[in-house]
There are 2 protein chains.
Amino acid sequence: MASRSDVLELAVLGLLHEAPMHGYELRKRLGAVLGPFRALSYGTLYPSLRRLSERGWIAESDRPDDTARPASRRARIVYELTAAGTERFEHLVRDAGPASWDDDSFDVRLAFFSRTAVEVRIRILEGRRSRLEERLEQVSNALARNRERVDRYTLELQRHGLESVQREVRWLNELISAERDRPAGPATAPPATPPPAPSSPPSPPRPRPTTAPADPTSPT
Amino acid sequence: MASRSDVLELAVLGLLHEAPMHGYELRKRLGAVLGPFRALSYGTLYPSLRRLSERGWIAESDRPDDTARPASRRARIVYELTAAGTERFEHLVRDAGPASWDDDSFDVRLAFFSRTAVEVRIRILEGRRSRLEERLEQVSNALARNRERVDRYTLELQRHGLESVQREVRWLNELISAERDRPAGPATAPPATPPPAPSSPPSPPRPRPTTAPADPTSPT
DNA sequence: GGTGCGACGTATCGAGCCGATACATCGGCG
DNA sequence: CGCCGATGTATCGGCTCGATACGTCGCACC
């Protein structure tokens, strides 16, 4: 329910919600949303478009996209949301389960916050925070458990990682209180800033993780 | 040359360099090295062990691993490094190309710093830093280019991401000068701390990226 | 005035990764 | 004594990535 696929689905649907687009452009815009790094490959995008199409969320559009020039039409395939797709997108945005606290997922959620109701936004931010707090705890435990048996460098890495997570928690706290101060968010048309830029934002640097804290498939 | 596979290869070889081990245990230790999150699945590990085995880097060991109890032997398969594997590991450690500046790669490299010559360590740290500086530049450009057309939340995300990267650069700078002050590193036996803990370090929290800056498969 | 190059654009293939799952044995606990 | 959870090895389907193929367009350079 929250693999890369689902994130991709949300992102594609969200972008097409803004405007019909063809694959190549989607990919560029996607880079901005997923984080400019980890932009996905065509080997992922095209099959994915086909899947979404089969499920009926998206469909090829006839309109030449740029109506002005009928002559030079290349073989581009413009996709647009279907009615079902729109509904699906709205459902995905509204229903923010624990999956949306994940690293990858969270960024994409943030990218569509303008389309998200205030209470959902808060739920996501708080969920993300609690996720990070779990990590914090696990790492601290781990650190305490074998403080002296660990390599100098590993220790440094852990320290840095721990600090980064703490900073993100603080950042989330700020976002949350900003959200709380906000009057009351209309579900779909947020007051904040103008709707997401129609033009593609290149997107930010990923602080990049420095070793995650807790997965522990392995108990102990 | 630097896909997940190669990182995995380095990590497995490195762990077996410390002591022979069987799959299950490798996986746990791997979690500590790769970053507790992103621990790899068995669907990855076992096929990978087979590949390494086919290439002759590792081999099954006969020794019961825990020689004490001959009776209760379960069907565990203990692997150990072959001579070729040892050589391969040392080659990998020595030869730190641009691939080792990557997010995933870098952590694993750090984990084996104790086995790495000082000049190589510095090369890796500086490489990592320059990689981050590239991102910094790209994101700043991007930010400058469309400062006002972007969503409030996207902007926040970028800000936070930018800051995280800057902090990591500072962290790297500290590590680099610490390395410079170090007398002169014997190639394989570093003076720093006792050799890597024989027991498994739980590993640190990944600050977690907040949107990477620059991939740009798409040239602007 | 051709020709080469880089952007745009769609698409597939092989290799590999992930999550779930299947099996099996062991130690302990009620 | 039966059940559960940890230890162990292993595979399968679905998806992803990176490389690559193929093709068009505009235009800069000589």
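Throughout, a chain's letter reflects where its sequence line sits, starting with A, and its residues are numbered from 1.
Put simply, NE2 on B:His22 is 15 Å from C1' on D:dA10, counting in whole angstrom units. The CG atom of B:Asp6 sits 12 Å away from the C1' atom of C:dA15 (whole-angstrom rounding). In this structure, A:Lys28 places its NZ atom 15 Å from C1' of C:dT10, rounding to the nearest Å. When rounded to the nearest whole Å, the span between CE of B:Met21 and P of D:dT9 equals 12 Å. We find that CD of B:Glu54 is positioned 13 Å from P of C:dA15, with the value rounded to whole Å. Atom P of nucleotide D:dA19 and atom CG of A:Leu40 are separated by 15 Å, given to the nearest angstrom. Between the P atom of D:dT7 and the CG atom of B:Leu26 lies a distance of 15 Å, rounded to the nearest Å. Going from atom CG of B:Leu45 over to atom C1' of D:dT11 covers 14 Å, rounded to whole Å.
The side chain of A:Arg50 contributes an N or O atom lying less than 4.0 Å from OP1 or OP2 of C:dT12. B:Tyr46 has a side-chain polar atom (N or O) that falls below the 4.0 Å cut-off from OP1 or OP2 of D:dT9. Within the structure, every side-chain polar atom (N or O) of A:Ser48 is placed at least 4.0 Å from both OP1 and OP2 of D:dT16. The shortest distance between the side-chain N/O atoms of B:Arg51 and the OP1/OP2 oxygens of C:dC17 is below 4.0 Å. In terms of phosphate contacts, A:Tyr24 brings a side-chain nitrogen or oxygen within less than 4.0 Å of OP1 or OP2 of C:dC8. Taking only side-chain nitrogens and oxygens, B:Ser41 never comes nearer than 4.0 Å to OP1 or OP2 of C:dC17.
Of the listed nucleotides (D:dT11, C:dC8, C:dA11), C:dA11 has the atom at the smallest distance from the side chain of A:Tyr42. Here D:dT16 is the nucleotide among C:dG16, D:dT16, C:dT12 with the atom lying nearest to any side-chain atom of A:Leu8. Distances were taken from every side-chain heavy atom of B:Ile77 (C-beta onward) to each of C:dC8, C:dC17, D:dT9; the shortest belongs to D:dT9. Checking D:dC15, C:dC18, C:dG16 against every side-chain atom of A:Ser5, the shortest atom distance belongs to D:dC15.
Residue-level contact check: A:Gly23 touches the backbone only, with heavy atoms under 4.0 Å from sugar-phosphate atoms and none from bases.
In summary, of the residues considered (A:Asp102, A:Asp104, A:Asp103), a salt bridge (Lys or Arg N to Asp or Glu O under 4.0 Å) with A:Arg128 occurs for A:Asp103 alone.
Listed by chain and number, the residues in a ring pair (Phe, Tyr, Trp, His ring centres under 6.0 Å) with B:Phe89 are B:His17, B:Phe112 (sequence neighbours excluded).
Side chain to side chain, B:Glu156 and A:Trp171 meet the donor-acceptor criterion of an N or O pair below 3.5 Å. For the residue pair A:Glu87 and A:Trp57, no side-chain donor N or O sits within less than 3.5 Å of a side-chain acceptor on the partner.
At a threshold of 4.0 Å, the pair B:Glu9-B:Arg88 counts as salt-bridged, since one of the basic side-chain nitrogens sits closer than that to a carboxylate oxygen.
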